[in-house]
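Lettering of chains follows the sequences in order, A, B, ..., and the numbering in each one begins at 1.
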Amino acid sequence: MQQKIRTRFAPSPTGYLHVGGARTALYSWLFAKAKGGDFILRVEDTDQARSTKESLDMVLSDLKWLGFDWQEGPEVGGECGPYFQSERKEIYKEHADRLLKDGKAFYCFCTDEDLEAKKEKAKAEGKSPVYDGTCRSLSLEEAEKKLAAGEKGAVRFKVPQAEEFVHHDVVRGEVRWPQDMVGDFVILRSNGMPVYNFCCAVDDALMNITHVFRAEEHLNNTLRQIMLYEAFNYPLPKFGHLSIILGEDKKKLSKRHGATSVNEYKEQGFTKEALINYLLLLGWSSPSESEIMEMSQMLEEFDMDRFKSSAAVFDEAKLKWMNATHLRAFSTEKLWALVSEVLTKNGINVSAESTWQDPKWQEKALELYKVRMETLLDAVTPFKYLSEASFEVAEAGAETMTWEKSLEVVSTWKALVAEKSEEFLSVEQFEEIQKQVQAKAEVKGKNLFMPIRVAVVGVPQGADLKDLVPLIPRDKLLERAEKVIASVK
RNA sequence: GUUCCCAUCGUCUAGAGGCCUAGGAUGCCACCCUUUCACGGUGGAGACACGGGUUCGACUCCCGUUGGGAAUGCCA
């Protein structure tokens, strides 16, 4: 009987969930789901200064939006709780005491200044700047005496002697470290708070995690954590260290690269299907070389092999393409749900008596979303691209068109619209007007079409004008045309 | 400084010694389609970082160089 697979994602609630974290969560969640295991969520909030409730809520809601449900963790509980590290202090204390008692850890009373000076010296001599073992031989009794006298001491782990440490990584294969790479490291701060490496190892062991997927920057930490597992005699999980995600400039993705959080992409109208699909393939490849993948296929194909060990650049252009491709494959119901959400968020009423609730308009909205979501909003929200618009009129027919001619088209269009009396133009009326403009101004094709388009939507892109014009009140059309004329002058 | 990780088109990647004149996708360019497109079609430019080995044969294995990244915290 094979052991049940348990993976985890352990965010620290110090900000939004960024795409790198989302990818780690995706791999962990997907692996558990694909293998019939459990996905556990643990909150690493030992840094009280930086952890906030707001951040936690953001991270949780992003995870939910992506569809990564956890079987144990915040909100759902579980047998291995608590799932907040801030609530597990007793457990860490008890573990530290055990090491202390077994002589596998010791109290250290060195000051920051001493440590700093020694580090500088070692660096200057070209040695690895590791802890030199000053307090290593201090007995537990002596240490306790100092403590009783009011001295503050941190607890350090006594790094065992070995020639070298070997680790088999799921992503990287065999990794070897020389034994002097790490010195006796702190597991409990002098204020009693445990540090990351200690909590992480203890928690993963106690929560029976079988597979740990995390970012590459933790690779060196793994050595420390493995030593802790061995000191406690806990079975070792498999570790997989995922490559870093980089920005366009090949530097680690950060805020200065623009959008990096899941929430920002969500707000911009990206679907979770596209985001997941894109992230999946940023560091992992499908055995069938598939590109656009549905969740069912991901579940079927995902495994621990096929991870890419080199860093990957996050390419928004490809994400956009994926988004468009997924959108086109959406069912009508799914698209409408998406559109109503966007409309509601932009203050447009989608209640029962609303125009948009009319099946006919629903259909229109879907078409429009398919084409370009921004334009859908343009049709009902303030006209925003005006200054650029006048520029585009000239650009549209740059080679054969003059400003004057474009202006003539718009003026003619406006005059003809003004002749109508209905509140909204019909598709037929629109087509008739268009023909008349063509005849009067003696232009056709793009030279005819672009100026009218700009007069209607303000930008040279968007949904079919036949769909848009009937949505816009006639006086609004006149007003817009007038604005374009004014801006060109 | 020291240690570790990484290296195929601009980008994401396929590639487990001969299947490679290196495949796909995206992006870019051209033409076609279309009275706009985050639509469709056809075609094009575009990569094994460098130098040594090993081998009959290397994108694939080994070593080195260069370049990038990470760690070296009483941050996570």
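Among the atoms of the strands shown, base atoms are found under 4.0 Å from some heavy atom of A:Asn221. Among the protein residues, A:Glu248 comes within range of no part of the nucleic acid, since none of its heavy atoms lies under 4.0 Å from any strand. Within the nucleic acid shown, A:His241 has no heavy atom closer than 4.0 Å to any nucleic acid atom. Across all strands shown, A:Ala154 has heavy atoms under 4.0 Å from base atoms, whether or not it also approaches the sugar-phosphate. When heavy atoms are screened at a 4.0 angstrom cut-off, A:Gly283 is found touching the sugar-phosphate backbone but no base atom. Looking at heavy-atom distances under 4.0 Å, A:Glu44 makes contact with sugar-phosphate atoms alone, never a base.
Distance from the side chain of A:Val195 is smallest to B:rC74 among B:rC5, B:rC74, B:rA38. Out of B:rA76, B:rC4, B:rC5, the shortest distance to the side chain of A:Ser12 is found at B:rA76. Side chain of A:Val313, nearest nucleotide from B:rU11, B:rA38, B:rC4: B:rU11. Nearest to the side-chain atoms of A:Leu282 among the listed nucleotides B:rC4, B:rC12, B:rA38 stands B:rC12. Of all nucleotides listed (B:rC74, B:rG15, B:rA71), B:rC74 comes nearest to the side chain of A:Arg156. Side-chain proximity of A:Trp321 to the nucleotides B:rC74, B:rG10, B:rA25 is greatest for B:rA25. Each of B:rU35, B:rC5, B:rG68 was ranked by its minimum atom distance to the side chain of A:Gln438; first place goes to B:rU35. Closest to the A:Lys251 side chain, of the nucleotides B:rG68, B:rU26, B:rC74, is B:rG68.
For the residue pair A:Glu432 / A:Gln436, a side-chain donor-acceptor distance below 3.5 Å is found, with atom types taken as modelled.
Contact annotation: side chain of A:Lys318 to base of B:rA25, donor-acceptor pair present below 3.5 Å. Side-chain N/O atoms of A:Ser243 and base N/O atoms of B:rC6 include no donor-acceptor pair closer than 3.5 Å.
Using the six-membered ring where Trp is involved, A:Phe302 and A:Trp284 have ring planes that are tilted, between 30° and 60° apart. Using cut-offs of 30° and 60° for the angle between ring planes, the A:Tyr196 and A:His218 rings count as tilted. The aromatic rings of A:Phe307 and A:Phe213 are tilted relative to each other, their planes meeting at an angle between 30° and 60°.
For A:Lys252 and B:rA70, the shortest distance from a side-chain N or O to OP1 or OP2 is not below 4.0 Å. A close approach under 4.0 Å does not occur between any side-chain nitrogen or oxygen of A:Ser190 and OP1 or OP2 of B:rC74. Phosphate contact (OP1/OP2 of B:rC4, side-chain N/O of A:Trp177, threshold under 4.0 Å): absent. Residue A:Arg224 places no side-chain N or O under 4.0 Å from the OP1 or OP2 atom of B:rC4. Under 4.0 angstrom from either OP1 or OP2 of B:rC75 there lies at least one side-chain N or O belonging to A:Arg189. Listed pair A:Thr46 / B:rA76 meets the phosphate criterion, a side-chain N or O lying under 4.0 Å from OP1 or OP2. Applying the 4.0 Å criterion to OP1 and OP2 of B:rA14, one finds that A:Lys308 has a side-chain N or O inside that range.
With a cut-off of 3.5 Å on both pairing distances, the Watson-Crick or G-U wobble partner of B:rA25 is B:rU11. Searching all strands for a Watson-Crick or G-U wobble partner of B:rU72 with both distances below 3.5 Å returns B:rG1. Under the Watson-Crick or G-U wobble criterion, with both distances below 3.5 Å, B:rU42 is paired with B:rA30. Figure legend. B:rG67 is base-paired to B:rC6; pairs are counted as Watson-Crick or G-U wobble with both atom distances under 3.5 Å.
Taking atom C1' in both B:rU34 and B:rC39, the straight-line distance is 9 Å, to the nearest Å. B:rG43 and B:rU35: their C1' atoms are spaced 26 Å apart (whole Å).
When the P atom of B:rU11 is taken as reference, atom CD of A:Glu291 falls 16 Å away, rounded to whole Å.
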Begin with the C-alpha distance, continue with both residues' side-chain angles, and end with the deciding distance and a verdict on side chain to side chain donor-acceptor pair (under 3.5 Å) for A:Tyr265 and A:Glu316. CA-CA 10 Å; A:Tyr265 284 104; A:Glu316 220 169 87; 2.8 Å; yes
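Checked against the 6.0 Å centroid threshold, A:Tyr278 and A:Phe270 do not count as a close aromatic pair.
Minimum heavy-atom separation, A:Ala481 to A:Val410: O-CG1, 3.9 Å.
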